[in-house]
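Report on the following structure.
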Amino acid sequence: MRSIVFRLILIGLLMLGGAAVSAQPSDDLVGTQWQLVAMGGTPLPEQVVITLLFADDAQASGMGGCNGYGATYTVDGSALQLTDIVSTLMACDLLDYEVAYFAALQTVTEYELSDGELVLTSADGELVFTALPTLPGTAWQLIWLDGAEVRGDEPLTLEFAEDGTAHGNGGCNRFNTEFTVNGDQLAFAPLMSTRRACVDADGNAQENGYFTILAAAANYTITDNHLTIIANDGRMLRFELLENLAETAWQLESLDGTAVSGTVTLEFTDEARVAGSGGCNQFSGSYTVDDQAISFGELVTTERACTETGLMEQEALFYAALSAATGFEQADDQIIITYGDDQQLIFSAASTISTGP
């Protein structure tokens, strides 16, 4: 009798274990992040930002348009259910969209992934999402600190590396740390920074506020090239995306205020290498970027002699300017590299050029 009871208990445990396994999140959803673009066949207005993030602990979260929310999700093949949906209770003008979205989420039965798109099937029709960018490999500039516009000429920045480290500029001091992400949850290790004194009290207060909110980070969202970090007490940091120079190509228009003769080019072939033409010779080398600071390593060039008047001299000045580069600004189809005594190399966007020697 005891043997029969034991077997029944064992079978029951195995059945429960099998059910638990089938309810685990699917590998193709875990860690993905999405923004809703259409609901029930109707595209969402641009001002409506609704997101959905899948963590690795069977938890989903996001922004509903007005409020942050959380839910539990289970996957079995292509079947998907979201349950136990909870949210904050802030009112806003977009609440009708949020109510409709939450109602649809509760009736989701299936999902489909294809080419950066997630489609959830619900009783109210399809919810169509597009993939959101992730944090590693991105760089940002702070524009709003807890509701106030960032002040000062020095940019406040934050860069997330692929290896789980982060660094940036607080306006007065450089800092570095480590970060962890789980769904829309974000946490930083204790920040380590330089100890340079700020020029004024306002700059010091702004930097302290920035560092304090980073240390208390709890959640984040990325929408329309903007990153919002939300602290555990509700304070927020809002950033805009900084452009990545890798895989961009440029043609020099002016050198220290003088129009350029011939074709002088600069191509950032990846995150560490450059190549291009000095007007006479091809060159290649390395570069490093730290926020808006840039420097170039020793350049390797071909040794072709140019017969056109002034081209060799112009090329020598160009190489010298790159070697003395200190910073850059990128906007739309232009990049400006500063060097020396506030001198400038001004480039316009170009198609991919060619590799150097």
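Along the sequence shown, residues carry numbers from 1.
- A distance of 4.5 Å separates CG in L135 from OH in Y220, rounded to the nearest 0.5 Å.
- Proximity of a side-chain donor or acceptor of T165 to a complementary backbone N or O of A161 within less than 3.5 Å is not detected.
- Linking Ile, Leu, Val, Met, Phe, Trp and Tyr residues whenever their side-chain heavy atoms come within less than 4.5 Å leaves V48 and V128 in two separate clusters.
- Other residues, nucleotides and ligands contribute only 12 or fewer heavy atoms inside 6.0 Å of the CD atom of E298.
- Residues W144 make up the rest of the hydrophobic cluster containing I143, defined by ILVMFWY side-chain heavy atoms closer than 4.5 Å, directly or through other members.
- Checking N281 against E303 by side-chain atom types alone, no donor-acceptor pair falls below 3.5 Å.
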Start with the C-alpha distance between T32 and L113, add both sets of side-chain angles, then the distance that settles side-chain contact (heavy atoms from CB on, under 4.5 Å), and finish with yes or no. CA-CA 11 Å; T32 60; L113 281 171; 5.8 Å; no
Where do T109 and T121 land on the side chain to side chain donor-acceptor pair (under 3.5 Å) test, with the steps shown first? CA-CA 6 Å; T109 57; T121 302; 5.5 Å; no
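- Here the closest heavy-atom approach between residue A166 and residue L158 is recorded as CB-CD1, 4.3 Å.
- Environment of CD in E240: crowded, with over 12 heavy atoms of neighbouring residues, nucleotides or ligands closer than 6.0 Å.
- Checking Y73 against Y111 by side-chain atom types alone, no donor-acceptor pair falls below 3.5 Å.
- Panel note: side chain N219, backbone I230; no donor-acceptor pair is recorded below 3.5 Å.
- Using a distance-only test at 3.5 Å, with no hydrogens or angles considered, a donor-acceptor pair links the side chain of S122 to the main chain of G125.
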Chi angles and distances behind the side-chain contact (heavy atoms from CB on, under 4.5 Å) call for D233, I213: CA-CA 9 Å; D233 59 3; I213 296 177; over 6 Å; no
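- Residues L82 and V108 form a side-chain contact, since some pair of their non-hydrogen atoms from C-beta on lies under 4.5 Å apart.
- The two atoms that bring L311 and C306 nearest to each other are CB-CB, 4.3 Å, heavy atoms only.
- Under the 4.5 Å side-chain heavy-atom criterion for Ile, Leu, Val, Met, Phe, Trp and Tyr, Y319 and V274 are members of the same hydrophobic cluster.
- Note: F175 and F211 have perpendicular aromatic rings, judged against thresholds of 30 and 60 degrees for the angle between ring planes.
- F268 and Y287 have perpendicular rings, their planes meeting at more than 60° on a 0 to 90° scale where under 30° would count as parallel.
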T180 vs Q185, side-chain contact (heavy atoms from CB on, under 4.5 Å): CA-CA, chis, key distance, verdict: CA-CA 8 Å; T180 56; Q185 299 174 18; over 6 Å; no
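- Note that the CZ atom of F328 and the CG atom of L345 stand 13.5 Å from one another [nearest 0.5 Å].
- In terms of modelled atom types and a separation under 3.5 Å, the side chain of D76 and the main chain of A79 share no donor-acceptor contact.
- The shortest side-chain heavy-atom distance between Y69 and L52 falls under the 4.5 Å cut-off.
- The nearest pair of heavy atoms linking A123 to T107 is N-OG1, 3.1 Å.
- Side-chain atoms of Q343 never come within 3.5 Å of backbone atoms of D256 as a donor-acceptor pair (strictly under, hydrogens ignored).
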Assess the residue pair V260 and Q314 against the criterion (side-chain contact (heavy atoms from CB on, under 4.5 Å)); give the C-alpha distance rounded to whole Å, side-chain angles, the decisive distance to 0.1 Å, and a yes or no. CA-CA 8 Å; V260 170; Q314 177 182 271; 3.4 Å; yes
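- The closest donor-acceptor contact from the side chain of Q344 to the backbone of I336 lies at 3.5 Å or more, if one exists at all.
- Contact of the Q206 side chain with the L145 side chain is registered, since non-hydrogen atoms from C-beta on lie closer than 4.5 Å.
- Side chain to side chain, Y97 and Q47 fail the donor-acceptor criterion of an N or O pair below 3.5 Å.
- Side-chain contact annotation: T51 with T221, donor-acceptor N/O pair under 3.5 Å absent.
- Judged purely by atom type and a 3.5 angstrom limit, E315 uses its side chain to pair as donor or acceptor with the backbone of C280.
- Of the possible donor and acceptor atoms, none in the side chain of T134 sits under 3.5 Å from a partner among the backbone N and O of P136.
- Side-chain atoms of L118 and F54, non-hydrogen and from C-beta on, do get closer than 4.5 Å to each other.
- Listed for the T338 side chain is a donor-acceptor partner under 3.5 Å among the backbone atoms of G327.
- Contact of the E112 side chain with the L120 side chain is not registered, since no non-hydrogen atoms from C-beta on lie closer than 4.5 Å.
- Other residues, nucleotides and ligands contribute only 12 or fewer heavy atoms inside 6.0 Å of the CZ atom of R196.
- Side-chain atoms of S193 and N173 include no donor-acceptor pair closer than 3.5 Å.
- Between D202 and N204 the shortest side-chain heavy-atom distance does not fall below 4.5 Å.
- With hydrophobic clusters built from ILVMFWY side chains whose heavy atoms lie under 4.5 angstrom apart, L191 shares a cluster with F160.
- Environment of CE in M312: crowded, with over 12 heavy atoms of neighbouring residues, nucleotides or ligands closer than 6.0 Å.
- In this structure, Q334 CD and S348 OG are separated by 8.0 Å, a value rounded to the nearest 0.5 Å.
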Validation: residues 84-94 side-chain donor-acceptor distances under 3.5 Å, sequence neighbours left out:
{"residue": "T88", "atom": "OG1", "partner": "N67", "partner atom": "OD1", "Å": "2.7"}
{"residue": "T88", "atom": "OG1", "partner": "G68", "partner atom": "N", "Å": "3.3"}

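- Under a hydrophobic-cluster definition in which Ile, Leu, Val, Met, Phe, Trp and Tyr are linked whenever side-chain heavy atoms come within less than 4.5 Å, directly or via other members, L105 and M63 are assigned to different clusters.
- If you take CD1 on I346 and CH2 on W250, they are separated by 12.5 Å, rounding to the nearest 0.5 Å.
- Rounded to the nearest 0.5 Å, atoms CZ (F283) and CD (E267) are 9.5 Å apart.
- For the atom pair L241 CG and I222 CD1, the distance stands at 8.5 Å (nearest 0.5 Å).
- Under the 3.5 Å distance criterion, the side-chain polar atoms of R238 are left unmatched by any main-chain donor or acceptor of T228.
- In this structure, W140 and T157 have side chains that are not in contact, with every pair of non-hydrogen atoms separated by 4.5 Å or more.
- Note on Y101 and L132: separate hydrophobic clusters, where clusters join Ile, Leu, Val, Met, Phe, Trp and Tyr whose side-chain heavy atoms are under 4.5 Å apart, directly or indirectly.
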